[in-house]
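Structure record follows, encoded as structure tokens.
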Amino acid sequence: MKNIIIANWKMYYGPVKAGAWVRAFRRERLPKDLEVAVAAPFISLPAVRATLGRALAPVLAAQDAFWANEGAYTGEVSPTMLLELGVSYCLVGHSERRHIMGETDEMVAKKARALQLAGISPVICVGETEVERRRGNSKKVVRQQVQKAVEGIKGDGKAPAIIAYEPVWAIGSGKPCSAYDAREMHETIRTVLKKKFGSTADAIRIIYGGSVDTRNILEFLTTTDVDGALVGGASLDPRAFGLLCRAAVPS
Ligand code: 13P
């Protein structure tokens, strides 16, 4: 199983800038044993795909999806629509959606299930807030988030999802979680997954997100139970992101 690095552009880069990013990124040399994906805004996904041409990386990802495939849901985008565009991965339950848009664990679970049914791998984002960590509740909070999110997911022998551990206090703060803490949290997540999926859990990648950059990526990716990274700010410059991807693999 390859490690995966997913760029999360958040609400940056409309179609014009997205196309320019991909054109620049295509010149970057990428390590063979690393999978690279880019989670672009919905409206920019066609431009990313068109600019990619025959390039195999980055793989297309979305930042959210609704739980029904069609219907009277003004403003929403469905898993099957994303599939038409060639999307392979889709974030669900990112902390910004949970805290700004009010997404609940139940909504996250429904979205994850719908994505899996459509054949898109959900990237389920979980993580505690600063207050929850200070109170010593990190493991309890994350355990619950994971349990609820995977309730409707089937473990069919293949990796049914990716889990992204993103402590809220580390996102965009320049203060990443320590590799030691990440390992502890990822182990906690793996235990929850083992209870639900048995040996399939070993094939589920658990990736870390929160102030990942070129200097700390290697330490995270060489930590036990860390199978990749979800990168926000450090993915916006295509050349710097190329450098980050190369720095993720020991030379
Ligand atoms: P930063 O890498 O900017 O901290 O963002 C992390 C994140 O939210 C990725 O989903």
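Atoms within each ligand, like the ligands themselves, are counted from 1 in listed order. Not measured: the values here are computed from a predicted model.
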Can you list the ligand 1 atoms lying under 4.0 Å from a non-hydrogen atom of [X]?
{"X": "Gly172", "result": "1 (P), 3 (O), 4 (O)"}
{"X": "Leu230", "result": "9 (C), 10 (O)"}
{"X": "Glu166", "result": "6 (C), 7 (C), 8 (O), 9 (C), 10 (O)"}
{"X": "Ser211", "result": "1 (P), 2 (O), 4 (O)"}
{"X": "Gly232", "result": "1 (P), 2 (O), 3 (O), 5 (O), 6 (C), 9 (C)"}

Worksheet item: Does the N or O separation between Ile171 and ligand 1 drop below 3.5 Å for any pair?
Response: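 By distance alone, the answer is no.
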Discussion item. For Gln145 and Tyr165, which I'm curious about, is there any donor-acceptor pair between the side chains at under 3.5 Å?
Written reply: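 No.
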Is any side-chain N of the basic residue among [X] and [Y] closer than 4.0 Å to the acidic one's carboxylate O?
{"X": "Glu106", "Y": "Lys110", "result": "no"}
{"X": "Glu128", "Y": "Lys139", "result": "no"}
{"X": "Arg239", "Y": "Asp237", "result": "no"}

Worksheet item: Among protein heavy atoms, which lies nearest atom 5 (O) of ligand 1, and at what distance?
Response: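 Looking at atom 5 (O) of ligand 1, the protein heavy atom closest to it is Lys10 NZ, 3.3 Å.
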Worksheet entry | For atom 3 (O) of ligand 1, closest protein heavy-atom neighbour |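 Going by distance alone, atom 3 (O) of ligand 1 is nearest to Gly233 N, 2.8 Å.
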Item to complete: Check if Gly210 has a non-hydrogen atom at a distance under 4.0 Å from any atom of ligand 1.
Response: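 Gly210 counts as a contact of ligand 1 under the 4.0 Å cut-off.
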Worksheet item: Ser44 side chain to Ala40 main-chain N or O, any donor-acceptor pair under 3.5 Å?
Response: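 A pair under 3.5 Å: no.
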Worksheet item: Are the side chain of Arg26 and the backbone of Thr51 linked by a donor-acceptor contact shorter than 3.5 Å?
Response: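 Side chain of Arg26 to backbone of Thr51: a pair is present.
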Worksheet entry | Verdict with reasoning, His94 to Glu166, per side-chain hydrogen bond (donor to acceptor under 3.5 Å, both in side chains) | CA-CA 8 Å; His94 189 279; Glu166 296 203 298; 3.1 Å; yes
